[in-house]
Amino acid sequence: MKKVLVTGGTGLVGKALQDVIKNEQPSDEEWFFAGSKDADLTNLVATQALFEKVKPTHVIHLAAMVGGLFHNMNNNLDFLRNNLLINDHVLQTAHELGCTKVVSCLSTCIFPDKTSYPIDETMVHNGPPHASNYGYSYAKRLIDIQNHAYHDKYGHLYTSVIPCNIFGPHDNYKPDVSHVIPGMINRMHKLRTEQPDMPETEKVFTVYGSGKPLRQFIYSLDLAKLMIWVLRNYNSVEPIVLSVDESAEVTIYEVAEAIAKAFNFKGKLICDTSKADGQYKKTASNAKLRSLLPDFKFTDFKEAIEASVLWYTTNYDQARN
């Protein structure tokens with residue numbers, strides 16, 4: 001019987017994993033989803049206590065200090081220190097308790113700022129990351145280094161996945177820390193519900209930046225399915241990119257249009273070019289994933305946006321606003 005511990009198990013991806021596992025009801029696996037209330041993973045003793053309680057054979061490591069562009073720009077030291085502590089505590093405790101496999105979650109923002117595109121798994125360490133989030137990026141890169149070190153010294157199968165930008169139900173919508181899609185969903189909802197006497201056709205929604213940067217977005221439920229596949233079937237210490245196809249890349253302005261349509265917003269969209277754009281693009285290749293799992297069907301972006309907006313408006317009182 002596999003006992004799977006999911007760190008960060010109550011966040012965006014953790015909730016998606018919960019939904020997929022609830023649907024599957026695997027008879028040979030027990031899953032434990034740990035949130036920040038279960039253990040402070042920056043504390044080694046608390047991390048060890050969690051592992052002793054669950055006694056996992058497998059770990060999906062999602063827990064991290066995360067945030068959007070502006071939160072990262074202002075807090076690089078905190079992102080570096082907290083994530084270094086979390087990752088070291090989880091991997092070392094997994095080693096001490098004899099866990100069979102650990103799958104850690106990285107991010108495409110860890111790739112070099114100056115690089116050729118599309119980026120792939122072999123290019124993670126080829127140069128400095130973008131200056132806006134170097135603290136988070138270097139901490140996440142070091143998971144890959146640690147995975148290899150545990151493999152070299154002990155033969156452990158500790159590996160990592162590199163998803164593109166993730167969105168879906170149960171996201172973090174808090175304005176100061178949210179990523180682009182939940183941030184826009186929160187602001188659009190606010191704009192539509194405030195000033196009820198103003199005709200919606202006169203309301204203006206502001207897209208931060210030029211709207212031109214390109215991004216690949218993966219729906220959280222798609223990512224959950226792929227991560228479960230990695231846990232069960234992917235047996236290499238080398239990282240694997242979990243991303244939609246390159247052809248699915250969209251501009252930030254197109255994201256705003258999709259969200260506006262999902263809300264049935266009748267007002268105007270404008271771009272505030274005084275705000276930072278961040279990286280122009282970070283196109284990732286999923287060729288490795290496609291070679292191993294050629295028939296995987298990703299959820300259509302606009303459909304996934306509609307589902308995410310519906311979840312938010314339905315569960316507004318429980319959402320992380």
Walk me through whether Glu303 and Lys297 qualify under salt bridge (Lys or Arg N to Asp or Glu O under 4.0 Å).
CA-CA 13 Å; Glu303 287 175 20; Lys297 298 265 190 304; over 6 Å; no
Heavy atoms only: give me the nearest His151-His156 pair and the separation to one decimal.
CD2-O, 3.1 Å
So how far is it from Ile240 CD1 to Asp120 CG, rounded to the nearest 0.5 Å?
11.5 Å
Please test Asp277 against Ser210 for side chain to side chain donor-acceptor pair (under 3.5 Å), starting from the C-alpha separation and ending with a verdict.
CA-CA 7 Å; Asp277 270 341; Ser210 69; 2.8 Å; yes
So, does Lys3 use its side chain to make a donor-acceptor pair with the main chain of Val54 at under 3.5 Å?
yes
Any link between Trp229 and Val241 through a network of hydrophobic side chains (Ile, Leu, Val, Met, Phe, Trp, Tyr) touching at under 4.5 Å?
no
What's the spacing between Trp31 CH2 and Gln18 CD if we round to 0.5 Å?
10.5 Å
Would you say the side chains of Ser247 and Asp245 form a donor-acceptor pair under 3.5 Å?
no
Report the distance from atom CG of Asp113 to atom OH of Tyr134, rounding to the nearest 0.5 Å.
14.0 Å
Are Leu191 and Met184 connected in a single hydrophobic cluster, I mean Ile/Leu/Val/Met/Phe/Trp/Tyr linked by side-chain heavy atoms less than 4.5 Å apart?
yes
What pair of heavy atoms forms the shortest contact from Val103 to Met227, and how long is it?
CG1-CE, 4.3 Å
Ser243 to Phe298 - nearest heavy-atom pair and separation:
O-CZ, 3.2 Å
Over all atoms of both residues, closest heavy-atom pair of Arg192 and Phe263
NH1-O, 2.8 Å
Any donor-acceptor pair under 3.5 Å linking the side chain of Arg141 with the backbone of Val124?
yes
Can you tell if the side chain of Ile185 reaches within under 4.5 Å of the side chain of Ile181, non-hydrogen atoms only?
yes
Give me the atom names and distance for the closest heavy-atom approach of Ala64 to Ile86.
CA-CD1, 4.2 Å
Can Lys288 and Glu238 be counted as an ion pair, charged N to O under 4.0 angstrom?
no
Steps toward side-chain contact (heavy atoms from CB on, under 4.5 Å) verdict (Lys212, Thr251)
CA-CA 5 Å; Lys212 293 176 183 175; Thr251 67; 5.9 Å; no
Rounded to the nearest 0.5 Å, what's the gap from NZ on Lys101 to CG on Leu157? Could you check?
5.0 Å
Correct closest heavy-atom pair for Ala304 and Phe167 would be CB-CZ, 3.5 Å
Looking at Thr313 and Leu310, would you say the former's side chain and the latter's main chain have a donor-acceptor pair under 3.5 Å?
yes
Determine whether Ile162 and Leu142 fall in the same hydrophobic cluster, where Ile, Leu, Val, Met, Phe, Trp and Tyr are linked whenever their side-chain heavy atoms lie under 4.5 Å apart.
no
Do the side-chain N and O atoms of Asp272 and Thr206 include a donor-acceptor pair separated by under 3.5 angstrom?
no
Please check this pair: side chain of Tyr219 against backbone of Ala307, looking for a donor-acceptor N/O pair closer than 3.5 Å.
no
Result for side chain to side chain contact (heavy atoms under 4.5 Å, CB included) between Ile110 and one of His130, His125, Lys140 points to Lys140
Would the distance check show the side chain of Asn43 and the main-chain N or O of Val45 forming a donor-acceptor pair, the cut-off being under 3.5 Å?
yes
Do Asp171 and His179 pass the side chain to side chain donor-acceptor pair (under 3.5 Å) test, and can you show the C-alpha distance, the side-chain angles, and the key distance before you say yes or no?
CA-CA 9 Å; Asp171 213 327; His179 287 97; 5.2 Å; no
From OH (Tyr280) to CZ (Arg215), nearest 0.5 Å
10.0 Å
Are Lys282 and Phe111 in a cation-pi contact, defined as NZ or CZ under 6.0 Å from the six-membered ring centre and within 45° of the axis?
no
Does Val237 share a hydrophobic cluster with Tyr150, counting links as ILVMFWY side-chain heavy atoms below 4.5 Å and allowing steps through other members?
no
Honestly curious: do Met123 and Leu214 fall in one hydrophobic cluster under the side-chain, below-4.5 Å linking rule?
no
Distance check, rounded to the nearest 0.5 Å: Lys225 atom NZ versus Phe296 atom CZ?
6.0 Å
Are there more than 12 heavy atoms of other residues, nucleotides or ligands under 6.0 Å from atom CZ of Arg290?
yes
